[in-house]
Amino acid sequence: MKLSDLTLTTPYVSLDPIFYHEVAPTPLKNPKLISTNPHALELLGVDFSEINEEEVEKLLNGTFMLKGSRPYAMCYAGHQFGYYVQRLGDGRAINLGSVNGWNLQLKGSGITRYSRQGDGRAVLRSSIREYLMSEAMHALGIPTSRALAIIGSEERVARERWESGAIVLRLAPSWIRFGSFEYFFHTNKHKELETLADFLLRESFPHLVGVENPYLKMYSEIVKRTAELMAQWQSVGFNHGVMNTDNMSAIGITIDYGPFAFMDTFESGYICNHTDTAGRYSYDNQPRIGYWNLERLAHALSPLITQEKLKHELDQYGEYFTTKLMELLRAKLGLDSEHENDSDLLRNLFTVMENGRIDMSPFFRTLSRYNGDRSQLLPLTLAPNQLNEWLDRYDERLQSNTSSLEERHTQMLRTNPKYVLKNYILQEAIDEAEKGNFTLVNDLLILAQNPYDEHNNFERYAGITPQQHTNLKLSCSS
Ligand code: AMP
Ligand code: MG
């Protein structure tokens, strides 16, 4: 199918206009297509081979509308850094409609009713980051929004310096956030709150339509999905950076990529967002914040379900989180069964990684070929004695494995990526793109989508992060 054959539907605009603002995108000056993602096109049923680049560019710039499209921005509130803010909403995102269960959204496409003081724009730097990282997360098996294409432009956008405006076309099964519910709860609009819950049920939890206590069951699934998402972030060393409730997806996927980072050397208190001086959204706080945010959602849903019942569901959070984390970490270590001392072995590994300033991704990748010979592993730590002791324990633990060494290696090489898009790698692609060269963006898309494969030309990105680039902090302003 061709892009122009798609027909979108817009169920959200059949709701009362209090839920959204119908607004057309504002085109950027002299747009230029940077990259199109064949995998995302496939999700919509469109053939990459039938793509007309000019059409993609115009679609992103808002000058070509797909059939059935009725652009709108969504209204939501949220707790930002712990404080409630009533009026947020899509200040720079415009939804086009949905097809095949995917809601298409332009990010950076101009002001809406919810823009407040903002300019409705996104800069090239942050757009490249979101475009590549959402695809990288997906390839790692982490639930996330996706990205279909990206355009740059000659539009000047004021941030800490002048930058150029860009737009990403991103996709999600739902763009409803915890903050969407908070908006209606805090304005005492309980009828609308129920309408939103019904909408989300139909859109993303259709198996719960018509069952007994659907809202409670939906909340319970959101608790589970969020807990498991936190476990996935933790297991790969991902720091989101801005876990405000308006950035928390009601379907438990990673959304709103901002100052995120894959950690370079492991640091439990790592904070990727330099405006987060208190470390509210540091790496080790993420699971706790996930819980705190779910409490806010429970509060917002309290007119529909009693607090007691919600609390009961929320109480499962820790169990969901730990179970998932253990499953993921066992897989990273190639352990094919459960053992009562596993949590201690794993906790110890994190201490060893922190004390030895170990870079997680090359470490786990090297460990994926471990056969008792430690010569490749020991140079990866500043505290080799501690790693040696831990490897003694690991050797002993491996004896209870039933799989063969080859099977373990194969499984671990499929679990521990060779390529992780750390910030310094993304920055190289951004520096090139700012000079007008988009080759590296497109190369990194392939790396992001195939992180377990060998890519001989990009061996340099598989090793430890060069010292001067480790654990950089980024700002929210994007
Ligand atoms: P974020 O932290 O990027 O998720 O954004 C928080 C809120 O600020 C959301 O309501 C965004 O739509 C809004 N926002 C962020 N940047 C801009 C911008 N440049 N123009 C308008 N609204 C913005
Ligand atoms: Mg946001």
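When a ligand or atom number is given, it counts from 1 through the structure's own listing order. Everything numeric in this text was worked out from a predicted model, so none of it was measured.
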Between Y131 and Y257, does the ring centre distance come in under 6.0 Å? no

What about Y84 and H79, are their ring centers closer than 6.0 Å? yes

L88, portion touching ligand 1 at heavy-atom distance under 4.0 Å: both

Atoms of ligand 1 less than 4.0 Å from D256 heavy atoms? 4 (O)

Applying a heavy-atom cut-off of 4.0 Å, say which part of D119 lies close to ligand 1: side chain, backbone, both or neither. both

Where is the nearest protein heavy atom to atom 12 (O) of ligand 1: which residue, which atom, and how far? G91 N, 2.7 Å

Taking atom 5 (O) of ligand 1 as the reference point, the nearest protein heavy atom with its distance: D246 OD2, 4.7 Å

Rounded to 10°, how big is the angle at the Mg ion (ligand 2) from N247 OD1 to D256 OD2? 80°

Which bit of R159 gets closer than 4.0 Å to ligand 1, counting heavy atoms only: side chain, backbone, both or neither? side chain

Nearest protein heavy-atom contact for atom 4 (O) of ligand 1: which residue, which atom, what distance? N247 OD1, 2.9 Å

What do we get for R121 next to ligand 1 when only non-hydrogen atoms under 4.0 Å count, side chain, backbone, both or neither? backbone

Would a line drawn from the ring center of Y419 to the ring center of F458 be shorter than 6.0 Å? no

For atom 9 (C) of ligand 1, what is the nearest protein heavy atom, given as residue, atom name and distance? G89 O, 3.6 Å

Looking just at side-chain N and O atoms, do D284 and S282 make a donor-acceptor pair shorter than 3.5 Å? yes

For atom 20 (N) of ligand 1, the closest protein heavy atom turns out to be G120 N, 2.8 Å

Would you call E54-K58 a salt bridge at under 4.0 Å N-O? yes

Check this for me, if you would: do R225 and E228 make a salt bridge, where the nitrogen-to-carboxylate-oxygen distance has to be below 4.0 angstrom? no

With a cut-off of 4.0 Å, which atoms of ligand 1 are near a heavy atom of S115? 21 (C), 22 (N)

Under 3.5 Å, side chain of R92 to main-chain N/O of K107, donor-acceptor pair present? no

Write out the residue and atom name of the closest protein heavy atom to atom 8 (O) of ligand 1, then the distance separating them to 0.1 Å. R116 NH2, 2.8 Å

H39 and R146, any side-chain heavy atoms less than 4.5 Å apart: yes

Considering only protein heavy atoms, which is closest to atom 15 (C) of ligand 1, and at what distance to one decimal place? R92 NE, 3.6 Å

Can a non-hydrogen atom of G258 be found less than 4.0 Å from any atom of ligand 1? no

My understanding is that only one of E295, E182, R296 makes a side-chain hydrogen bond (donor to acceptor under 3.5 Å, both in side chains) with T245; could you say which? E182

Can a non-hydrogen atom of Q80 be found less than 4.0 Å from any atom of ligand 1? yes

Do protein heavy atoms approach atom 22 (N) of ligand 1 to less than 4.0 Å? yes

For R70, does its backbone N or O pair with a side-chain atom of E22 as donor and acceptor, under 3.5 Å? no

Would you confirm whether the ring centroid of Y283 sits within less than 6.0 angstrom of the ring centroid of F266? yes

